[in-house]
There are 2 protein chains.
Amino acid sequence: MKVSGSLVPDGVFPANCPSRTVLDHVTSKWGVLVLLALSETETLRWSELRRRAEGVSEKMLAQTLRVLESDGLVSRVAHPVVPPHVDYSLTKRGEELAALLRPLMSWILDNAEDILAS
Amino acid sequence: MKVSGSLVPDGVFPANCPSRTVLDHVTSKWGVLVLLALSETETLRWSELRRRAEGVSEKMLAQTLRVLESDGLVSRVAHPVVPPHVDYSLTKRGEELAALLRPLMSWILDNAEDILAS
DNA sequence: CTGTATCCGCACCGATACTG
DNA sequence: CAGTATCGGTGCGGATACAG
């Protein structure tokens, strides 16, 4: 069954479109996992994020966080103490996005085994 | 505001998990666009897909379609005529997935400009 | 029209070492 | 604890040519 409306005119997804860039950021290798991890608790520290997005390297976590932060999806709060303490959390906009990512991830978790079995 | 349940135990997304593979397939550079394009019409031909996922190369379209087909998300029907005529469409499972992708893409289209402005 | 085959650059990414 | 800096390999992905 087909849905009613089209997302884009003529059903064409333009190449030189801002949405492409954002889509790439969000669906980057670690973007989804970081956003979802943050959607499960109020705040998360760097080391906790590393634990939860299992397999992510320091470099890629830093890069992913920088992109998501510059996109206004994640906010970074550094507490000036020793040892350093930095909290990451979702912005309002990030929460909105994560709310859409959750059903997707949930479906994937439910169907992954079946899918790879075939 | 935080959601009620956790997607995964302890909030940890395991590295060696089938969902990782499926997530990578779906969020691959062209996976989302192909699935969404197919979600807008009953069937699409190869050349139409190339048009709609603007910027995709033949190689990447072929690769993307093969992966999505082997995952049981897309079905390929070749009509034995000359010139060749091949129809791609979403499977039942693919429709389910695309239904979750649509709100996501819709949100991205709505917010992309704002996001990149900041 | 619907692909496959091949080459190859470059950006992504992991590993390692280092710093405030 | 929370990163940055740098190096180097690899595989993604674009371009091109070719085929059924």
Side-chain angles (χ1 to χ4, degrees), chain A residues 12-17 20-34 37-38 41-71 74-89, chain B residues 13-17 20-35 37-38 41-71 74-89:
Chain A
V12 176
F13 296 93
N16 58 338
C17 181
R20 275 298 173 91
T21 305
V22 175
L23 183 64
D24 284 346
H25 291 179
V26 171
T27 64
S28 68
K29 188 171 178 61
W30 301 104
V32 176
L33 292 184
V34 166
L38 287 173
T41 60
E42 287 296 336
T43 69
L44 241 29
R45 302 177 57 169
W46 166 273
S47 50
E48 260 308 297
L49 275 171
R50 273 212 79 190
R51 274 197 57 253
R52 304 206 178 197
E54 207 172 76
V56 71
S57 67
E58 295 188 346
K59 179 179 174 181
M60 292 316 298
L61 179 56
Q63 188 174 117
T64 301
L65 284 171
R66 261 186 271 119
V67 169
L68 295 180
E69 194 192 352
S70 87
D71 283 352
V74 166
S75 80
R76 195 193 102 113
V77 177
H79 299 99
V81 296
V82 282
H85 183 136
V86 181
D87 283 329
Y88 292 93
S89 59
Chain B
F13 296 92
N16 57 338
C17 181
R20 272 303 171 89
T21 306
V22 176
L23 183 64
D24 284 347
H25 290 178
V26 171
T27 64
S28 68
K29 188 171 178 64
W30 301 104
V32 175
L33 293 183
V34 166
L35 289 169
L38 287 172
T41 59
E42 287 297 337
T43 69
L44 241 30
R45 302 178 55 169
W46 166 273
S47 49
E48 260 308 298
L49 275 170
R50 273 212 78 191
R51 274 197 57 254
R52 304 205 178 199
E54 206 172 76
V56 71
S57 66
E58 293 188 345
K59 177 181 174 179
M60 292 317 297
L61 180 56
Q63 188 173 115
T64 301
L65 284 171
R66 262 186 271 118
V67 169
L68 294 180
E69 194 191 353
S70 87
D71 282 352
V74 166
S75 80
R76 194 192 102 114
V77 177
H79 300 99
V81 296
V82 283
H85 182 138
V86 180
D87 283 328
Y88 292 93
S89 59

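Here is the naming used below: chain letters follow the sequence lines, and residue numbers restart at 1 for every chain.
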- Query: Sub-3.5 Å donor-acceptor pair from the side chain of A/Arg52 to the main-chain atoms of B/Phe13, do we have one?
  - Reply: no
- Message: Counting only side-chain nitrogens and oxygens, does B/Tyr88 get under 4.0 Å of the OP1 or OP2 atom of C/dG3?
- Response: yes
- Message: I want to verify a distance call: between C/dG14, D/dT4, D/dG14, whose nearest atom is closest to the A/Arg66 side chain?
- Response: D/dT4
- Can you tell me how far P of C/dC10 sits from NZ of B/Lys29, to the nearest Å? 16 Å
- Separation of A/Arg51 atom CZ from D/dC1 atom P, in whole Å? 12 Å
- Between CG on residue A/Leu65 and OH on residue A/Tyr88, distance to nearest 0.5 Å: 5.0 Å
- Task: Measure the CD-OG1 distance between B/Glu48 and B/Thr43 for me, rounded to the nearest 0.5 Å.
- Result: 10.0 Å
- Between the OG atom in A/Ser70 and the CZ atom in A/Arg76, the distance rounded to the nearest 0.5 Å is 13.5 Å
- Task: Taking only the side-chain nitrogens and oxygens of A/Ser47, find out if one of them lies under 4.0 Å from OP1 or OP2 of D/dA2.
- Result: yes
- Output yes when at least one side-chain N/O atom of A/Arg45 is less than 4.0 Å from OP1 or OP2 of D/dC1, else no. no
- Please report, rounded to the nearest Å, how far the C1' atom of C/dG3 is from the NE2 atom of B/His79. 17 Å
- Item | Per A/Lys59 side chain, nearest of listed nucleotides D/dG3, C/dT4, D/dT6 | D/dT6
- Given C/dC1, C/dG20, C/dG14, which nucleotide is nearest the side-chain atoms of A/Pro84? C/dG20
- Task: Let me know the distance between CE of A/Met60 and P of C/dA11, rounded to the nearest Å.
- Result: 14 Å
- Message: Closest approach to the side chain of A/Glu58, judged atom by atom: which nucleotide of C/dA17, D/dG14, C/dG3 is it?
- Response: C/dA17
- Item | Spacing of A/Arg50 atom CZ relative to D/dG3 atom P, expressed in whole Å | 12 Å
- Item | Closest-nucleotide 5' rank along DNA chain D - winner of A/Asp87 and B/Gln63 | A/Asp87
- Would you kindly give the CG-to-P distance between A/Leu61 and C/dG14, to the nearest whole Å? 11 Å
- Query: Backbone N or O of A/Ala15 within a donor-acceptor pair of the B/Glu54 side chain at under 3.5 Å?
  - Reply: yes
- Measure the distance from CG on B/Leu44 to P on C/dT2 and round it to the nearest whole Å. 11 Å
- B/His25 NE2 to D/dC12 P, straight-line distance once rounded to whole Å: 11 Å
